[in-house]
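The structure appears below as structure tokens.
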Amino acid sequence: MKIKLWFFFCLFLWLFARPAIAQDRFTTLDNTLTALSKDVPGLNEKVELSVNNVSIQEFIRGLAAAHNLNVSVDPNLRLSIINNFSNATVADVFLFLCRQYDLDITLIGNIMSIAKYTPPAKEAEAYKPRVLKISYNPQTDFLTLDLKKDSLFEVVKEITRKSMKNVVLSPDIQDKLVSVFIQNRPFLNTLQKLAFANDLKVTPTDDNFYLIEKQQPEGKTAQGKEQKISPKIPSEGLDIRVEKDESVTVNANNVALKDVIIAVTSEMLKNYFLFTDIKGNATFYVENAAYEDFLNYVFNGTEYTFKKQDNVYLIGERKLEGLRTTELVQLQYRTVEKIKDNIPADLKQGVDIQEFIELNSLIMSGSLPRINEIKQFVRDIDRVVPVIVIDVMIVDSKKTKTKTTGIEAGLSQEAKETGGTIFPKLDITLSSSSLNELIESFNGFGLVNLGKVTPNFYLSLKLLEENGFLDMRSTPKLATINGHEANLSIGKTEYYLETSNNVIGTQNPQNIITQQYKSVNADLTVTIKPIVSGDDYVTLEITVEQSDFTVRISPNAPPGSVKRKFKSLIRVKNEEMVLLGGLEEMKTDDTGSGVPFLSRIPVIKWLFSSRTRVKNNAKLNIFIKPTVIY
């Protein structure tokens, strides 16, 4: 009896509550039209009209045109009007239509929009979690559960809080309600029974986590391989197959990138968090790829990336703070200087790279996939750079031969004495007294009487030959790394006096004489640039330049100079020696003076002339031996 009375009471409240709610809506609508009529006087104007089977759009359009009203009618309304209005205001007509045909009027300024009334959605009742009956004994590792349609998320959070053991849920079961009663059983055994009672499974991990996920039925493929059977995610153009070895095969044809990410992540039961809305479509085919490899393939060339943190994959734009990664990459074999310039610009885009010379490292900040690409490139070029030790042997030989012959006679201002050298060279000067004695000896034979010479008369006899040989040898060693130049310079410096005369003033000019010693260099310069090949050969780019001084035209004049230079590009095997020669200079100087005509007659010319013949021969040889050291 009590049940029947309660039923009729509820029915009574429902029947009377509906008109009250509707009445409240039309009262509000009436007040709205009344307020609008102050700015739109056409709403208060009287109408006299009769219509029969006219669409509501045509009826309201004619009414609005006649009374200067701004009205928009939903084209989806399929209503026919059959009515007769007399001495009624336009506002009353609108209110009648809304009540008769369950319409609603929305105002945008002084524009009225008429459409079908949509009742407001009922607000979902907020979930009020009850106090969970969960207890844990750390001494015995026993867990007690008394649950009845409780939120699995709240249950797991309470278990983790009380036991200090991390229990993680799969994203697709966080809203699941669970029920179970277990009294004082071991922790893992209790979780397993909780999972069994609610069609779930528990997987402990090596890092002391307990993963709770849906129980997936297992089957076999046509080839006999076991395979997870995952629930199908309806998406046109998307085919996903998850293998038991945690790899995935995805075939997508112009599918929204966001749908692909969510579908694959849900299929593989991964925890994820989307920082931003993933935009764009994708078409691709990936076979047997791990989850992270799949993400790398999908996000390659886009503005999105991911980062794994505490077993949760954070997904969003590369520029977001939570997705940026900073790493220190240390080089093992090369110096960090100029490495930044060698990284391709496409790889550096969106990544900040700084050189840390003290640790021979690069500091990189940006998205993890892009940093991994740069790290791989740096590893490829971070190899042992060979050092080349170059043995250089420079041999500079000069050979000089001078021959002087002839007789010279003359008168000096003062009488000369007899003297000179007889051996190993003949260079004698005879005085007038010596010559007179020699003449007296000839006169004694009575055949010829030559007479005597004056006291200042002299006679000089020369017959000598000089040979010179100079052999200069130097053996420097140079060392450089592959692809860089090694330089050697050996030389000498001479000075000459430069005098300048400056006149200052016009009425009382003064001469200012300035003397300054300036230097001139003559060097032997060797420049070698080695490049090591993979077949143990060394390519050498060699430049040799030699300069030397010549005779000065006056004691204070700058010395003349002569230069020799050659450039060569050769290829030689490691530790083999190569000879660079050919810088040879030959010079012959033959000068003489004598009596005209007589100085050109053979044999007699030695009595009537004086001759000097100089022959110089200079040769430069360079031996080079490269040795590669790793």
Side-chain angles (χ1 to χ4, degrees), residues 129 131-221 225-231 233 240-248 261-273 288-295 306-315:
V131 178
L132 299 176
K133 297 179 181 180
I134 299 174
S135 62
Y136 174 74
N137 189 339
Q139 284 77 24
T140 61
D141 194 32
F142 278 7
L143 182 65
T144 298
L145 302 177
D146 186 3
L147 309 174
K148 186 176 181 180
K149 293 184 179 181
D150 290 308
S151 168
L152 180 58
F153 177 80
E154 296 295 335
V155 170
V156 168
K157 185 169 68 173
E158 185 69 13
I159 292 175
T160 301
R161 187 180 65 82
K162 288 190 174 182
S163 65
M164 302 303 293
K165 296 182 180 182
N166 293 307
V167 183
V168 180
L169 287 178
S170 177
D172 55 345
I173 61 173
Q174 293 190 5
D175 298 331
K176 185 176 180 64
L177 301 180
V178 293
S179 300
V180 75
F181 178 76
I182 300 175
Q183 183 77 25
N184 286 335
R185 298 305 303 161
F187 182 84
L188 178 58
N189 184 260
T190 302
L191 288 184
Q192 290 174 340
K193 296 302 185 288
L194 169 65
F196 175 79
N198 294 276
D199 195 23
L200 304 172
K201 74 171 183 178
V202 177
T203 305
T205 64
D206 296 336
D207 52 354
N208 295 324
F209 277 79
Y210 298 88
L211 306 181
I212 300 180
E213 54 188 344
K214 279 186 178 180
Q215 180 69 40
Q216 301 289 344
E218 294 187 354
K220 290 189 176 181
T221 62
K225 294 177 63 178
E226 292 188 352
Q227 176 184 0
K228 280 186 180 179
I229 302 177
S230 302
I233 296 180
I240 301 173
R241 186 174 70 254
V242 179
E243 305 292 344
K244 192 174 181 181
D245 59 354
E246 297 298 328
S247 63
V248 63
I261 299 299
I262 295 177
V264 173
T265 304
S266 300
E267 288 284 317
M268 301 189 74
L269 304 179
K270 301 293 184 181
N271 299 321
Y272 71 97
F273 185 90
N288 294 332
Y291 181 68
E292 292 190 6
D293 293 336
F294 160 75
L295 292 180
F306 72 94
K307 179 181 179 182
K308 186 178 181 182
Q309 182 174 340
D310 297 332
N311 206 33
V312 177
Y313 288 90
L314 310 178
I315 300 174

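Not measured: the values here are computed from a predicted model.
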Notebook entry, point to check: Can you list the steps and then say if Thr203 with Glu213 is a side chain to side chain contact (heavy atoms under 4.5 Å, CB included)?
Noted result: CA-CA 8 Å; Thr203 305; Glu213 54 188 344; 3.8 Å; yes
Margin query: With rounding to the nearest 0.5 angstrom, report the OG to CG distance, Ser135 to Asn184.
Written below: 6.5 Å
Note to self: Give me the atom names and distance for the closest heavy-atom approach of Ile173 to Lys214.
What the structure shows: CG2-CG, 3.5 Å
Check: Do Leu147 and Leu194 touch side chain to side chain, with heavy atoms closer than 4.5 Å?
Finding: yes
Next item on the list: Check Asp141, Thr144, Thr190 against Tyr136 for a side chain to side chain donor-acceptor pair (under 3.5 Å) and give me the one that passes.
Entry: Asp141
Margin query: For a 4.5 angstrom cut-off between non-hydrogen side-chain atoms, does Asn198 reach Lys176?
Written below: yes
Item checked: Shortest non-hydrogen contact between Glu158 and Lys162, atoms and distance -> OE2-CE, 2.8 Å
Note to self: Could you check whether Lys165 makes a cation-pi contact with Tyr210, meaning its NZ or CZ is under 6.0 Å from the centre of the six-membered ring and within 45° of the ring axis?
What the structure shows: no
Checklist line | Over all atoms of both residues, closest heavy-atom pair of Phe153 and Leu169 | finding: CA-CD1, 3.7 Å
Check: What distance do Leu191 atom CG and Lys201 atom NZ have between them, rounded to the nearest 0.5 Å?
Finding: 15.0 Å
Next item on the list: Mind checking the CG-CD spacing from Asp146 to Gln183? Nearest 0.5 Å is all I need.
Entry: 8.5 Å
Item checked: Residue pair Leu132, Asp150: steps toward the side chain to side chain contact (heavy atoms under 4.5 Å, CB included) verdict -> CA-CA 8 Å; Leu132 299 176; Asp150 290 308; 3.5 Å; yes
Item checked: Smallest separation among heavy atoms of Val312 and Phe273, with atom names -> CG1-N, 4.3 Å
Notebook entry, point to check: So Ile134 and Leu143, side chain to side chain contact (heavy atoms under 4.5 Å, CB included) or not? Walk me through it.
Noted result: CA-CA 8 Å; Ile134 299 174; Leu143 182 65; 4.1 Å; yes
Next item on the list: Drop me the distance from Asn271's CG to Tyr313's OH, to the nearest 0.5 angstrom.
Entry: 9.5 Å
Item checked: Intermediate values then yes/no, side chain to side chain contact (heavy atoms under 4.5 Å, CB included), Glu267 and Val248 -> CA-CA 9 Å; Glu267 288 284 317; Val248 63; over 6 Å; no
Notebook entry, point to check: About how many Å separate OH of Tyr272 and OG of Ser266, when rounded to the nearest 0.5 Å?
Noted result: 4.5 Å
Note to self: For Tyr291 and Thr265, which I'm curious about, is there any donor-acceptor pair between the side chains at under 3.5 Å?
What the structure shows: yes
Item checked: pair Ser170-Leu269: side-chain heavy atoms closer than 4.5 Å -> yes
Notebook entry, point to check: How long is the gap from NZ on Lys148 to CZ on Phe181, to the nearest 0.5 Å?
Noted result: 13.0 Å
Check: Strictly by modelled atom types, are Asn166 and Thr160 linked by a side-chain donor-acceptor pair under 3.5 Å?
Finding: no
Note to self: For Asn137, is the CG atom crowded, meaning more than 12 foreign heavy atoms sit under 6.0 Å from it?
What the structure shows: yes
Note to self: Any heavy-atom pair between the side chains of Phe187 and Ser163 that's under 4.5 Å?
What the structure shows: yes
Check: Of all heavy-atom pairs between Ala197 and Ser179, which one has the smallest distance, and what is that distance?
Finding: CB-O, 4.4 Å
Next item on the list: Please examine the side chains of Val242 and Val264, heavy atoms only from C-beta on, and report whether any two atoms are closer than 4.5 Å.
Entry: no
Note to self: Any non-hydrogen side-chain atom of Ile212 less than 4.5 Å from a side-chain atom of Val168?
What the structure shows: no
